[in-house]
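Counting starts at 1 for both ligands and their atoms, following the listed order.
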Amino acid sequence: MKKILLIGSTGLVGSRVKELLSSKFKFITPDENELNLLDPKGLTSFINKHKPDSIINFAAYTNVGEAENQTGDKQGLCWQLNVVGVNNLLKSINKTTQFIHISTDMVFSGDKKDPGPYKENSPLPNSPDKLTWYGWTKNRGEELVRKAGHNVVRIIYPVRANFERPDYLRFPLRKLREGNLYPLFADQQLTITYIDELAQALSVVINKNLTNDTFHICSSNTGTSMDIIKTAFNKLNIDTQQIKSALLTEYLSKQKNPYRYLVFGGLDTKETEKELGLKFSTWQEIIDKLIKQGLTLKNA
Ligand SMILES: NC(=O)c1ccc[n+]([C@@H]2O[C@H](COP(=O)([O-])OP(=O)(O)OC[C@H]3O[C@@H](n4cnc5c(N)ncnc54)[C@H](OP(=O)(O)O)[C@@H]3O)[C@@H](O)[C@H]2O)c1
């Protein structure tokens, strides 16, 4: 059985991957106290001691809103974890260890002039001008991983049926339950990642021992925020009359950073599906699968 080191295995994404694949691989799942991306010496000694066949890095600074307050600050935790921490990790592993780094669509701008859905080989913006600070730090982290000859796996709005931390579908359900659902954007193009299909894809990447590649794991079609959330509500027999609509373009025109959210976002999965021999669900199918797994208004 292959020995896989999971970094960030307590988070929204890593914890579900661990749950789904623990019968296929022997996982090493240190918490932040046992393995800290900001402790280069500790990282090297942990990796030398355990000698994993592969490493998957889910750990990151993921609070996009808070990260905006750190813009330009390379001593801030967002840059430190997403760039310096990734560099520390790359230095602590040898070339023969398979390394898989989880990234995001936010490395792209979602701008009308450079719209998604982005392909695996779409050129990365090389300046922070049209990105969030989080997006820029993930963009720089990806570049380090790619230069070192390792794998980047991009995901977008990861969803699962249950978890304490809300996600793209369970957040509006919680807000609705609390009586303060926000207006849904009718002009925001996106895709969503079914974490169960990410786990399946990671399993193929590990078993084929793939290196030096970029993969996109998400729904095979795009939708707007309004389409996706309204459809989930309908499938859960929730009255959708009360849903209010808004325009992201209008919202962004009043924001300090007009690129805070991607308007023309989404990831294209065709190349990844071909390479891994997988077929990803549409976002409508993902909603059906989550409902089958127990997604309801009450437990969102
Ligand atoms: N969530 C999204 O909407 C989304 C969308 C696209 C891409 N992604 C990417 O997907 C990946 C996983 O995201 P997520 O939402 O699962 O993240 P998350 O829930 O915020 O979890 C982050 C993980 O990183 C660990 N961590 C934090 N600081 C660390 C450090 N110094 N050393 C080692 N581990 C540390 C955390 O451990 P503790 O719990 O101990 O702090 C936690 O396990 C990230 O790369 C993120 O950029 C996420």
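Nearest to atom 10 (O) of ligand 1 among the protein's heavy atoms is Ile102 CG2, 3.4 Å. Protein heavy atom in closest approach to atom 31 (N) of ligand 1: Asn36 OD1, 2.8 Å. Looking from atom 21 (O) of ligand 1 to the surrounding protein, the closest heavy atom is Gly11 CA, 3.4 Å. Looking at atom 15 (O) of ligand 1, its nearest protein heavy atom turns out to be Arg165 NH1, 3.2 Å. Among protein heavy atoms, the minimum distance from atom 45 (O) of ligand 1 is reached at Lys138 NZ, 2.8 Å. Closest to atom 6 (C) of ligand 1, if we only count protein heavy atoms, is Ile155 O, 3.5 Å. Residue, atom and distance of the protein heavy atom nearest to atom 32 (N) of ligand 1 are Leu37 N, 3.0 Å. The single protein non-hydrogen atom nearest to atom 24 (O) of ligand 1 is Ala59 CA, 3.2 Å, given as residue, atom name and distance.
The shortest side-chain heavy-atom distance between Tyr157 and Ile228 does not fall under the 4.5 Å cut-off. By the 4.5 Å heavy-atom criterion applied to side chains, Ile93 and Leu43 are not counted as neighbours. Taking 4.5 Å as the limit, some side-chain heavy atom of Thr272 sits within range of a side-chain heavy atom of Phe280.
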Please output the side-chain donor-acceptor pairs of residues 166-181 that fall under 3.5 Å, not counting sequence neighbours, one pair per line with the distance.
unit_1	atom_1	unit_2	atom_2	d
Asp167	OD1	Leu169	N	3.1
Asp167	OD1	Arg170	N	2.9
Asp167	OD2	Arg160	N	3.0
Asp167	OD2	Arg170	NE	3.2
Asp167	OD2	Arg170	NH2	3.0
Tyr168	OH	Ser225	OG	2.6
Arg170	NE	Arg160	O	3.1
Arg170	NH1	Phe163	O	2.8
Arg170	NH1	Arg165	O	3.2
Arg170	NH2	Arg165	O	2.9
Arg174	NE	Ala300	O	3.0
Arg174	NH1	Glu164	O	3.1
Arg174	NH2	Phe163	O	3.2
Arg174	NH2	Glu164	O	2.9
Arg177	NH1	Leu297	O	2.9
Arg177	NH1	Lys298	O	2.8
Arg177	NH1	Ala300	O	3.4

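For ligand 1, one of its N or O atoms has an N or O atom of Val13 under 3.5 Å away.
The atoms of ligand 1 that sit less than 4.0 Å from any heavy atom of Phe58 are 11 (C), 12 (C), 44 (C), 45 (O). Less than 4.0 angstrom separates some heavy atom of Leu35 from each of these atoms of ligand 1: 32 (N), 33 (C). Close contacts between ligand 1 and Ala60 involve ligand atoms 22 (C), 24 (O), 44 (C), 45 (O), 47 (O) [criterion: under 4.0 Å to a heavy atom]. Residue Leu81 approaches ligand 1 through these ligand atoms, each under 4.0 Å from one of its heavy atoms: 28 (N), 29 (C), 30 (C), 31 (N). Listed by number with element, the atoms of ligand 1 under 4.0 Å from a non-hydrogen atom of Ser103 are 7 (C). Proximity to Gly8 (heavy-atom distance under 4.0 Å) selects the following atoms of ligand 1: 23 (C), 24 (O), 25 (C), 43 (O).
The proximity of Met106 to ligand 1, defined as any non-hydrogen pair under 4.0 Å, does not occur for either the backbone or the side chain. Only the side chain of Thr62 comes within 4.0 Å of ligand 1, counting heavy atoms alone; its backbone N, CA, C and O stay farther away. Counting heavy atoms closer than 4.0 Å to ligand 1, residue Arg154 contributes nothing at all.
Arg146 and Glu142 are joined by a salt bridge, as a carboxylate oxygen and a charged side-chain nitrogen come within less than 4.0 angstrom of each other. Asp268 and Lys270 are joined by a salt bridge, as a carboxylate oxygen and a charged side-chain nitrogen come within less than 4.0 angstrom of each other.
Looking at Glu34, His101, Glu32, it is Glu32 that brings a heavy atom closest to atom 26 (N) of ligand 1. Nearest-heavy-atom check against atom 37 (O) of ligand 1 across Thr10, Asn88, Leu6 picks out Thr10. Nearest to atom 4 (C) of ligand 1 by heavy-atom distance, out of Ser9, Pro158, Gly135, is Pro158. For atom 46 (C) of ligand 1, the choice among Tyr134, Tyr61, Phe163 with the nearest heavy atom turns out to be Tyr134.
No hydrogens or angles considered: nothing links the side chains of Glu273 and Ser220 as a donor-acceptor pair under 3.5 Å. Between the side chains of Thr224 and Gln188, not a single donor N or O lies within less than 3.5 Å of an accepting N or O. Under the 3.5 Å distance criterion, with hydrogens and angles disregarded, no donor-acceptor pair is assigned to the side chains of Asn234 and Thr231.
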Q.
Show, in sequence, the C-alpha distance, side-chain angles and deciding distance for Gln98 and Ser54, and conclude whether the side chain to side chain donor-acceptor pair (under 3.5 Å) test is met.
A. CA-CA 5 Å; Gln98 187 195 36; Ser54 307; 2.8 Å; yes

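A ring-centre distance under 6.0 Å is found for Phe185 and Tyr251.
Residue Lys289 places its NZ atom among more than 12 non-hydrogen atoms of other residues, nucleotides or ligands, all under 6.0 Å distant.
With Leu6 as the partner, the side-chain contact (heavy atoms from CB on, under 4.5 Å) test is satisfied by one option alone out of Asn57, Ile28, Leu21, Thr29: Thr29.
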